[in-house]
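In what follows, a structure is listed as structure tokens, so that the remarks can point back to it.
Atoms within a ligand are numbered from 1 in the order they appear, just like the ligands themselves.
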Amino acid sequence: MNEAAVSRAARPAHERRRVSVLGATGSVGQSTLDLLRRNGDQFVVEALTAGRNVAGLIAACHEFRPAFAAIADPALHTALRDGVAGLAMATGSGDPAIAEAAMRPVDCTVVAITGFAALQPIMAALGQSRVLALANKESLVCAGPMITARATSLGTSLVPVDSEHSALFQLLACHGRDSVERLYLTASGGPFRTWSLADMARATPAQAVAHPNWDMGAKISVDSATMMNKGLELIEADRLFGFPVAMVDVVVHPESIIHGMVAYADGGIFAHLAPPDMRTLIAHALAWPRTLATPVARLDFAQLGQLTFEIPDSSRFPALGLARDALRVGGAAPTVLNAANEAAVEAFLAGRVGFLDITRVVEELLSRAPNGRLAEINDVLAIDQDTRRQAAALMAAGRLVSAPTSRSQG
Ligand code: NDP
């Protein structure tokens, strides 16, 4: 057998990494399964979960044969159980079953559930999973200090999957934290980068989710269109890397080739470049601290021609300033920012509010954020629920401020 054939030959199960994928039916989840499919000799799938896409979950179970699968919607449990009958695996439904999937001892848990719903599974996975490959950013925004403290005390490594944070994580690992002068998060600018406010006021959900570079789930696509995604990422960077927020800049880079940059005191800047394909970043987390080959298209600089950069326009995209405000205020404010945003994005996607109303709802709710520190996860859950109630009442009453917000990007 030649060397390539040896490396392709299946390794014994105990030598393969055990991986659970939470949110296996979504955009990041499917990209993860693609990598697991291509590297079946290196990984064993322990658990898979989904929200409501039971057909997608059943198909993944037939292909990857996990020991356990869970669907968040309890009404779909019978369909799941019947769909995997004969596969010698266990199934469950509802939030407790998602947490049960997260609690299975594995080498790596990929957290690709969207939104605040990932928080409890993340808390459940800490200590059970050697590595948490974190795509979900909303949980870090809401409960970052609790997640990082618990990860440290229970010995779980947090490896970011979000492209900008994966880039910074890799750059800081290579070049160190000493004499870091600035961190740069790049932003594509989203589908409305060049749109006027008048056009954005009429934007439809279909237009908002049509991202120019990335193929992502609906919620993060809308976040990208408002640039709240970058606001959430500023807070995520604070949680993961702990540099003062004044040291973190956002630069619009429409080609989405550079994902993050770190500037050092000697004037040098290191950048992480890769095509806009999440499989590069997921592969890094799956194999960390090793490397996994991917089929991602390689960069062709002659074809690229040029890379361009812009300063974010804070008058058309006030979300960045709102996120900086929330981070500065601290306490409940980041949780309020996230919950108001999730509620408003859901309402926008359902056609109940306009595109510009999303950041108006966030700004209004942020102005009402209660003072005080969040001591435990139950405090975070309570603030989240209360904010969603207030956001629903605000949107139902149609009492949104009429003028678009305009904040400086601090
Ligand atoms: P998707 O909407 O494509 O997928 C979300 C996944 O979560 C699906 O499997 C979905 O199940 C599941 N899910 C939804 N609601 C629940 C719930 N209440 N309980 C349990 N599972 C649930 O999202 P993305 O893959 O785009 O994003 C996932 C996360 O990764 C987000 O936090 C996002 O910000 C982050 N991220 C995504 C990137 C991307 O390129 N997509 C890039 C960087 C970060 P079902 O399919 O059944 O609805």
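For atom 18 (N) of ligand 1, the closest heavy atom belonging to the protein is A117 CB, 3.4 Å. Here the heavy atom of the protein found nearest to atom 20 (C) of ligand 1 is A72 CB, 3.7 Å. Looking from atom 48 (O) of ligand 1 to the surrounding protein, the closest heavy atom is R52 N, 3.9 Å. Looking from atom 29 (C) of ligand 1 to the surrounding protein, the closest heavy atom is I113 O, 3.7 Å. Remark: minimum distance from atom 3 (O) of ligand 1 to any protein heavy atom is reached at S27 N, 2.9 Å. The protein atom (non-hydrogen) at minimum distance from atom 25 (O) of ligand 1 is V28 N, 2.9 Å. In terms of protein heavy-atom proximity, atom 4 (O) of ligand 1 is closest to G26 CA, 3.2 Å. In this structure, atom 43 (C) of ligand 1 lies nearest to the protein heavy atom D162 OD1, 3.0 Å.
Under 4.0 angstrom from ligand 1, the non-hydrogen atoms of A112 all belong to its backbone. With a 4.0 Å cut-off on non-hydrogen atoms, M216 touches ligand 1 through its backbone as well as its side chain. Residue-level proximity to ligand 1 for E138 is carried by the side chain, the only part with a heavy atom below 4.0 angstrom.
Remark: R193 is not positioned above the aromatic ring of F317, lacking an NZ or CZ atom under 6.0 angstrom from the ring centre and at most 45 degrees off the axis.
Near N136, the atoms of ligand 1 lying under 4.0 angstrom from a non-hydrogen atom of the residue are 30 (O), 32 (O). Residue A135 approaches ligand 1 through these ligand atoms, each under 4.0 Å from one of its heavy atoms: 30 (O), 35 (C), 36 (N), 44 (C).
Here the shortest heavy-atom distance to atom 13 (N) of ligand 1, taken over S139, G94, G23, G51, belongs to G51. The residue among L76, T25, V110, I220 with a heavy atom at the shortest distance from atom 46 (O) of ligand 1 is T25. With distances taken over non-hydrogen atoms, the option nearest atom 1 (P) of ligand 1 out of G115, A55, G217 is G217.
Not a single heavy atom of T49 sits closer than 4.0 Å to an atom of ligand 1.
For the pairing with F348, the side-chain contact (heavy atoms from CB on, under 4.5 Å) check across T226, L356, V361, I358 returns one residue only, I358.
Remark: ligand 1 and M278 share no N or O pair separated by less than 3.5 Å (distance only, no angle test). Residue N53 places at least one N or O, backbone or side chain, under 3.5 Å from an N or O of ligand 1. On a distance-only criterion, I98 and ligand 1 share no N/O pair closer than 3.5 Å.
Of the charged side-chain nitrogens involved, at least one lies within less than 4.0 Å of a carboxylate oxygen, so that E138 and K219 count as a salt-bridged pair.
Applying the 6.0 Å contact sphere to CZ of R37 captures more than 12 heavy atoms from other residues, nucleotides or ligands. For CZ of R298, the number of neighbouring non-hydrogen atoms (other residues, nucleotides, ligands) closer than 6.0 Å is greater than 12. Enclosure of atom CG in D82 by more than 12 non-hydrogen atoms of other residues, nucleotides or ligands within 6.0 angstrom is indicated. Within a 6.0 Å sphere centred on CG of N371, other residues, nucleotides and ligands contribute 12 heavy atoms or fewer. Within a 6.0 Å sphere centred on CD of E346, heavy atoms belonging to other residues, nucleotides or ligands number 12 at most.
The line from CG of D313 to OG1 of T194 is 11.5 Å long, rounded to the nearest 0.5 Å.
Taking the six-membered ring where tryptophan is involved, the planes of F270 and H175 are essentially parallel, since the angle between them stays under 30° and well short of 60°. Between H253 and F309, the ring planes lie parallel to each other; the angle is under 30°, not in the 30° to 60° tilted range.
Without hydrogens or angle criteria, S93 side chain to H77 main chain gives no donor-acceptor distance under 3.5 Å.
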